[in-house]
Amino acid sequence: MFAYTIRRLLQLIPVLFGMTLLVFFIVHAIPGNPAQVMLGQHATEESVQKLTNELGLNEPWYIQYINYLQNLVTGDLGDSIRTGAPIVEELWPYLAATMELSVVAMIFAVFIGVNAGIISAWFQNKWIDYVAMFVALIGISVPIFWLGLMQQWLFAVELGWFAPTGREDARAPIDPITHFFLIDTLIQGDWDGFVETVRRLVLPATALGTFSGAFIARMTRSSMLEVMRSDYIRTARSKGMKMIKVVYKHALKNSIIPVLTVVGLQMGLLLGGAVLTETIFGWPGIGRYIYDAIQFRDYPVVQSGILIVALFFVLINLCVDLLYSVVDPRIKYK
Amino acid sequence: MKPVEDVQNGQMALHGKGPKVKKEKNSLWVESWSRFKKNRLAIFGLSIVLFFVLLAIFAPLIAPEGINNQKLAERLQSPSINHWFGTDDFGRDILSRVIYGARISIWIGVLSVVGSMIIGSLLGVIAAYYGRLVDVIISRAFDIMLAFPSILLAIAIVAVLGASLENALIAIAIINVPNFGRLIRSKVLSVKEEEYIMAAKSLGMSDVRIILRHVLPNSLAPIIVQASLAVGTAILEAAALGFLGMGAEAPQPEWGKMLADAQQYMIQAPWTMIFPGLAIMLTVLGFNLLGDGLRDALDPKMKS
């Protein structure tokens, strides 16, 4: 297991290297001169030229790339053009906002998805199975941004149950410690703040988690159906074990592996989907941060932001791979 | 017995005749179609897809008004007998715009998938057939692309190319290349080892000919399934780009863009955002059902 982990980590190196190269090229292919953007439209030609030299933008691409890598290795992600602040310092609140949203969305997706899948498999070809699978089909077909808008309209505008946008009440801002507001409010014993944070999380998290939940439900169902046909399940049943125990204790354990793969993949999708959810719900997360940076031609932010998200994606998938053997002891890594 | 038959099939196909091969080829599709026909959900999906395709083709005949008929006196009207889906902030008939929108979404969905399918197949076949360094390079490139959340990569590509419908299409085609590439690579790897390929090789057939005549046709079923599911995803991605203002431009009636424009009228005129969204959902649902049905019909082993 240890050797396998090390090998997987080593295999990551060329992928990470390729990722930096791809991001570097994409960002450098975005039309426009960053120096011009930084100085504004009324800058003189000399000052633009001077800044271009200072930023090393007239060096050949490989020199620029090597400089970029050198900075990356030392943990320097560059400075934001828009705010002038180092990106490393600026990034965390956005990243934490997206992580909080994605994790809550994933918990929602797994809870709903796995249970819906189990119930569907349990009552195969009964009406409850049809209903669950029809809802799941809608779930994988509905555009996440439309779902978000409809939720916003129904639950925030019409019914007034939730706040339509934002992560915190502007009148009662939350004092950030970790920037995970659920944790921060609990640490500070700010019960009202915690409730408000939950209230604001519900709509974006459910909108974001719906696709994944639906996908997981379909996956769980087919995986469960396969396991339910096996001999040991029949044995357990014939020994008079209660169905609920058979399903949740025996069948689920053996059908969770493919589901786990999907969860890993979906987590990455959530990070991407967050761009849309964050746009609709005014959520100050990393997706929004990158999107705004593209609009503003804030190249360093685009470059670092995309790279960080991709890095998370890769690491999550690695964790999922390593988790397999924990969940299923039959899998041994050599 | 079977290997001998396979070798014979290979030889017959090589000479371009051989009634047996043709018959078997037909029977696979006939069999699949008869399985497909019995699947009610699949037929439902096919009907939805056909409905939207017909809507797209005959939009000028079906739509009551043009895409940009502005009647400011009738702006933001709720659904009525004159305007089934209501009107938007320019007094344009939403039903007409949704109908014309089918053209854009289906066009972008199908064309981008065809694009990714062609490029992905090419790269996948090359990687699998030639192996070694070529395979390593192509496969790693796929890994790297798949390491990015796809919509984020699409946004970045559009940022490079500039925001337009065509560029959104290109971006979506690019981000879906690795999915096809990987699928075809693995398929070709398994087909490559079959006896009939060896037979064709020993008969002196060229690589290109073997790939085109034997490898690709035998990998077709999973490609078709993947393609029909991918069209649904591509339509969603195109709508997402449109929604973010990185796809269609005004006054194109792209569903995602219509939603983005409708957002600010949420309180006064919720119908402006209900119908374009429903249209996206139904189209994607159609392609998903069709894809599921095709998978069950073409590859009964996969059926759950």
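Letters go in sequence order (proteins before strands), and every chain restarts at 1. Since this is a predicted model, take the numbers as computed values, not measurements.
Note: Ile280(A) leads Ile290(A), Val302(A), Ile280(A) in heavy-atom pairs under 4.5 Å with chain B. With respect to chain B, the highest number of heavy-atom pairs below 4.5 Å among Gly287(A), Ala29(A), Pro14(A) belongs to Ala29(A). Among Leu153(B), Thr283(B), Leu41(B), Leu152(B), the residue making the largest number of heavy-atom pairs under 4.5 Å with chain A is Leu152(B). Each of Val314(A), Ile26(A), Leu271(A) has some count of heavy-atom pairs under 4.5 Å with chain B, and the biggest count is that of Ile26(A). In terms of non-hydrogen atom pairs under 4.5 Å with chain A, the most contact-rich of Ile157(B), Ile274(B), Leu146(B) is Ile274(B). Of the listed residues (Ile306(A), Thr279(A), Val27(A), Val23(A)), the one with the most heavy-atom contacts under 4.5 Å to chain B is Ile306(A). Here Arg218(A) is the residue among Arg218(A), His28(A), Glu158(A) with the most heavy-atom pairs under 4.5 Å with chain B. When each of Gly245(B), Ala260(B), Ala240(B) is scored by its heavy-atom pairs under 4.5 Å with chain A, the top score falls to Ala240(B).
Using a 4.5 Å cut-off between heavy atoms, Phe17(A) does not touch chain B at all. When heavy atoms are compared at a cutoff of 4.5 Å, Leu278(B) approaches chain A by way of both its backbone and its side chain. Using a 4.5 Å cut-off between heavy atoms, Leu161(B) makes no contact with chain A at all. Both the backbone and the side chain of Leu244(B) have a heavy atom closer than 4.5 Å to some heavy atom of chain A. Looking at Leu149(A), both its backbone and its side chain come within 4.5 Å of chain B, counting heavy atoms on both sides. Within the 4.5 angstrom heavy-atom criterion, atoms from both the backbone and the side chain of Phe148(B) approach chain A. Using a 4.5 Å cut-off between heavy atoms, Ile140(A) touches chain B through backbone and side chain atoms alike.
In terms of heavy atoms, Ile144(B) sits closest to Val15(A) at CG1-O, 3.8 Å. What you find for Val157(A) and Met266(B) is that their closest heavy atoms are CG2-SD, 3.7 Å. Across every non-hydrogen atom of Pro149(B) and Val309(A), the tightest pair is CG-CG1, 3.6 Å. The two residues Ile280(B) and Pro143(A) come nearest to each other via the heavy atoms CG2-CG, 3.5 Å. The two residues Ala159(B) and Pro31(A) come nearest to each other via the heavy atoms O-CD, 3.7 Å. Nearest approach of Met145(B) to Leu22(A), heavy atoms of both residues: CG-CD2, 4.4 Å.
With Trp153(A) contributing its side chain and Gln263(B) its backbone, the two residues share no donor-acceptor pair below 3.5 Å.
To the nearest 0.5 Å, atoms CG (Leu137(A)) and CG (Leu289(B)) are separated by 5.0 Å. Atom-to-atom distance recorded for Ile151(B):CD1 and Tyr291(A):OH is 11.0 Å, nearest 0.5 angstrom. For the atom pair CE of Met273(B) and CH2 of Trp146(A), the computed distance is 9.0 Å after rounding to the nearest 0.5 Å. Taking CG from Leu276(A) and CD1 from Ile155(B), the interatomic distance works out to 7.0 Å, rounded to the nearest 0.5 Å.
No more than 12 heavy-atom neighbours from other residues, nucleotides or ligands sit within 6.0 angstrom of CH2 on Trp161(A). Other residues, nucleotides and ligands contribute only 12 or fewer heavy atoms inside 6.0 Å of the CD atom of Glu226(A). Around atom CG of Leu10(A), more than 12 heavy atoms belonging to other residues, nucleotides or ligands sit under 6.0 Å away. Counting non-hydrogen atoms of other residues, nucleotides and ligands closer than 6.0 Å to CZ of Phe44(B) gives a total of 12 or fewer.
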### Query
Ile294(A) and Met246(B): side chain to side chain contact (heavy atoms under 4.5 Å, CB included), yes or no, with the steps?
CA-CA 11 Å; Ile294(A) 289 178; Met246(B) 308 200 87; 4.2 Å; yes
